[in-house]
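Heavy atoms only: backbone and side chains are in, while hydrogens, waters and symmetry mates are out.
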Amino acid sequence: MIVLAIDTAGTGCHAALYDPDEDRILGAAGADIGRGHAERLMEFVDAAFDAAGLTLKDIDRIAVTIGPGSFTGIRVGVAAARGLALALGIPAVGVSTLSALAADHRTAVPLLVAMDAKRDEVYWQRFAADGSALSPPAIAALDAARTLAAGHDGAIAGSAAALLLDGAPQGGDGVSIATVARLGAGLDPADHPPKPLYLRGPDAKPQAGFAIKRA
């Protein structure tokens with residue numbers, strides 16, 4: 001099985017081809033671009049295929065990060081993964097950013113992954129030492145998240161770590177595309193669809209006063 005992994009959930013835009021039988025990245029491309037994922041993603045996908053010496057017909061699965069993270073970036077990556085999967089007739093799976101961060105920071109003790117969601121809020125999830133989830137992905141106000149961190153017996157990782165616990169290292173939310181590929185290779189498509197993980201409601205609100213009456 002060959003997996004095409006895509007990550008556009010943060011400031012980075014990355015793609016990679018992965019062979020789980022050999023546990024090897026066959027080709028990868030990407031950069032920390034900040035914005036412009038829609039314009040650059042397929043460029044990086046093509047570069048990853050060139051580096052691996054493969055074509056679209058060679059892949060058997062697509063794995064894509066589904067958030068939490070950049071609203072626009074997530075939509076770009078998920079749309080690309082869904083479109084390619086539909087065109088090729090292969091499954092696609094969604095990999096949460098929180099689980100990828102947990103895998104990148106695997107420890108011998110329970111791990112609290114905490115991402116700065118801005119607006120004095122934090123995305124968070126707890127994981128056991130073996131990497132299994134101990135809680136579902138969630139969002140909390142900063143004060144509530146600090147209380148959670150104070151009662152957490154283990155390590156903490158992510159961009160909100162320093163906000164929650166004095167002395168905690170200043171972490172980031174960038175995930176390894178290799179980790180996304182490895183996690184995606186082992187997920188059941190039926191249980192992990194490529195669906196955006198939005199823990200916060202949309203900013204845009206319908207303006208009823210400007211609605212056009214139906215004829």
Next item on the list: Please say whether more than 12 non-hydrogen atoms of neighbouring residues, nucleotides or ligands are located less than 6.0 Å from CZ in Arg106.
Entry: yes
At what distance, to the nearest 0.5 angstrom, does [atom1] of [X] lie from [atom2] of [Y]?
| X | Y | atom1 | atom2 | value |
| --- | --- | --- | --- | --- |
| Leu112 | His105 | CG | NE2 | 12.0 Å |
| Thr8 | Ile66 | OG1 | CD1 | 11.5 Å |
| His14 | Arg40 | NE2 | CZ | 11.0 Å |
| Leu111 | His152 | CG | NE2 | 6.0 Å |
| Cys13 | Glu43 | SG | CD | 8.5 Å |

Within the 4.5 Å heavy-atom criterion, are [X] and [Y] side-chain neighbours or not?
| X | Y | value |
| --- | --- | --- |
| Arg82 | Lys195 | yes |
| Leu98 | Met115 | yes |
| Arg200 | Pro68 | no |
| Ser99 | Phe127 | yes |
| Arg61 | Ile90 | no |
| Ile74 | Tyr198 | yes |
| Leu54 | Ile59 | no |
| Pro194 | Ile62 | no |

Item checked: side chain to side chain contact (heavy atoms under 4.5 Å, CB included) partner of Val122, chosen from Leu164, Ile139, Leu148 -> Leu164
Notebook entry, point to check: Which residue, Leu4, Leu26, Asp23, forms the side chain to side chain contact (heavy atoms under 4.5 Å, CB included) with Tyr18?
Noted result: Asp23
[X], [Y]: one ILVMFWY side-chain cluster at the under-4.5 Å cut-off?
| X | Y | result |
| --- | --- | --- |
| Val175 | Ile25 | no |
| Phe44 | Leu56 | no |
| Leu187 | Met1 | no |
| Ile33 | Ile177 | no |
| Leu41 | Val3 | no |

Next item on the list: Taking side-chain contact (heavy atoms from CB on, under 4.5 Å) as the test, write out the residues that go with Leu165, two or more places apart.
Entry: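 Residues passing side-chain contact (heavy atoms from CB on, under 4.5 Å) with Leu165: Ile156, Ala168.
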Mind listing the closest non-hydrogen atom pair of [X] and [Y] along with its distance?
| X | Y | value |
| --- | --- | --- |
| Val78 | Pro196 | CG1-CD, 4.0 Å |
| Thr97 | Ala9 | OG1-CB, 3.7 Å |
| Val95 | Ala100 | CG1-CB, 4.5 Å |
| Ala51 | Ala28 | CB-N, 4.3 Å |
| Gly73 | Ser70 | N-OG, 3.0 Å |
| Asp130 | Ser132 | OD1-OG, 2.7 Å |

Item checked: With sequence neighbours excluded, residues passing side chain to side chain donor-acceptor pair (under 3.5 Å) with Asp50 ->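 Here no residue qualifies.
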[X] side-chain N/O to [Y] backbone N/O, donor-acceptor pair under 3.5 Å:
| X | Y | result |
| --- | --- | --- |
| Asp58 | Thr55 | yes |
| His37 | Gly12 | yes |
| Ser159 | Asp116 | yes |
| Asp60 | Ile2 | yes |

Check: Any salt bridge (Lys or Arg N to Asp or Glu O under 4.0 Å) pairs touching residues 139-155, not counting sequence neighbours?
Finding: Asp143-Arg146
